[in-house]
Amino acid sequence: MLKIGLTGGIGSGKTTVAKVFTTLGIPVYHADLEARRLMENEPTLIELIRHHFSEKAYENGSLNRSYISSIVFNDKKKLDLLNSLVHPFTIEDGKQWMRRQKSTYAIKEAALIFESGSQGEFDLIIGVYAPETLRLFRTMQRDHIDKAIVKSRMQNQIKEEIKMKLCDEVLMNTEQELLLPQIINLHHQLIERASKQGT
Ligand code: ATP
């Protein structure tokens with residue numbers, strides 16, 4: 001089975017693309033969602049977060065999101081610290097999930113594949129590209145937040161143009177080119193590649 005990474009900057013359209021792969025019958029691991037689950041349920045991770053972010057990080061047994069967000073979104077060092085605690089757990093959890101899949105290929109969708117140094121896990125990495133102005137607009141609309149907040153989140157990610165050069169395949173989600181045929185074409189290529197590898 002081929003292990004595929006799916007990445008791109010904030011608002012590029014990773015989740016949108018992942019939904020199409022899901023409808024094509026391909027299993028998708030959403031790193032962001034799973035990270036949230038692990039932060040709520042994984043005892044070792046909870047202990048680490050409590051240790052580094054104080055007891056206030058959890059309230060009545062649940063992650064105190066507003067408290068954590070207020071710290072990490074204003075302090076790059078704290079964000080890096082939180083990521084350094086959470087990433088090893090999502091990386092390990094994602095690897096175990098991959099091992100359980102039985103399809104021709106399976107996808108892990110994650111914004112920070114290169115930033116977390118986990119690119120070595122994959123046979124191939126797909127990038128979803130959209131220009132910054134469009135990503136800004138989409139994220140502001142989706143999350144009802146202002147430009148400055150999206151921009152500051154973008155600063156924590158590798159520049160989109162550099163990220164795309166690191167990817168093996170790039171899907172153009174620019175709204176100038178049709179996205180669906182690109183995904184279907186790639187789906188066929190991946191099935192062919194998997195069959196050649198005898199996976
Ligand atoms: P994040 O990293 O923030 O989770 P993402 O890369 O997963 O973002 P999506 O959530 O898929 O991005 O897309 C961002 C927003 O843009 C969503 O509201 C989505 O519906 C919209 N969007 C994505 N692609 C398109 C498109 N081709 N046409 C119109 N809207 C789109």
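Both ligands and their constituent atoms are indexed starting at 1 by order of listing. All values derive from a computational prediction rather than experimental measurement.
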> Any idea which atoms of ligand 1 are less than 4.0 Å away from a heavy-atom of Gly13?
Replying inline: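 Selected atoms, number and element: 5 (P), 6 (O), 9 (P), 11 (O), 12 (O), 13 (O).
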
>> So if I count the atoms of ligand 1 from 1 in the order they appear, which ones are less than 4.0 Å from some heavy atom of Ile10?
In response: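 Listed by number with element: 2 (O), 3 (O).
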
Please give me the minimum heavy-atom distance between [X] and [Y], naming the atom from each residue.
X: Ala35; Y: Val86; answer: CB-CG1, 3.9 Å
X: Leu2; Y: Leu190; answer: CD1-O, 3.6 Å
X: Gly61; Y: Glu40; answer: O-OE1, 4.3 Å
X: Ala31; Y: Lys108; answer: CB-CE, 4.1 Å

> So, are Arg193 and Asp123 salt-bridged, with charged N and O less than 4.0 Å apart?
Replying inline: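 Judged by the 4.0 Å cut-off on N to carboxylate O distance, Arg193 and Asp123 do not form a salt bridge.
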
> With the threshold set at 4.0 Å, does a side-chain nitrogen-carboxylate oxygen contact exist between Glu109 and Lys19?
Replying inline: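 Salt bridge between Glu109 and Lys19, a charged N being under 4.0 Å from a carboxylate O: no.
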
>> Below 4.0 Å, non-hydrogen atoms only: which portion of Ala111 touches ligand 1? Side chain, backbone, both or neither.
In response: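 Neither part.
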
> What part of Lys14, side chain, backbone, both or neither, has a heavy atom within less than 4.0 angstrom of ligand 1?
Replying inline: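 Both backbone and side chain.
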
I need the nearest protein heavy-atom contact for [atom]: residue, atom name and distance, please.
atom: atom 23 (C) of ligand 1; result: Thr16 OG1, 3.4 Å
atom: atom 7 (O) of ligand 1; result: Thr15 OG1, 2.6 Å
atom: atom 27 (N) of ligand 1; result: Asn173 OD1, 2.7 Å

>> For Gln101 and Ser103, which I'm curious about, is there any donor-acceptor pair between the side chains at under 3.5 Å?
In response: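 No pair is found: no donor N or O on one side chain lies under 3.5 Å from an acceptor on the other.
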
> Hey, looking at atom 15 (C) of ligand 1, which of Lys19, Arg138, Glu177 has the closest heavy atom?
Replying inline: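 It is Arg138 whose heavy atom sits nearest to atom 15 (C) of ligand 1.
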
> Counting heavy atoms only, which of Glu175, Arg142, Gln157 is nearest atom 1 (P) of ligand 1?
Replying inline: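 Shortest heavy-atom distance from atom 1 (P) of ligand 1: Arg142.
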
>> Is Ser12 close enough to touch ligand 1? Criterion: a residue heavy atom under 4.0 Å from a ligand atom.
In response: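 Yes; Ser12 lies near enough to ligand 1 that a heavy-atom distance drops under 4.0 Å.
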
> Does Gly9 come within less than 4.0 angstrom of ligand 1, counting non-hydrogen atoms of the residue?
Replying inline: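 A heavy atom of Gly9 does come that close to ligand 1.
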
>> A quick test of your reading: do over 12 heavy atoms of other residues, nucleotides or ligands sit less than 6.0 Å from OH of Tyr67?
In response: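 Counting neighbours around OH of Tyr67, more than 12 heavy atoms of other residues, nucleotides or ligands fall under 6.0 Å, so yes.
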
> Is there a nitrogen or oxygen of Thr139 sitting under 3.5 Å from a nitrogen or oxygen of ligand 1?
Replying inline: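 No; every N/O pair is 3.5 Å or more apart.
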
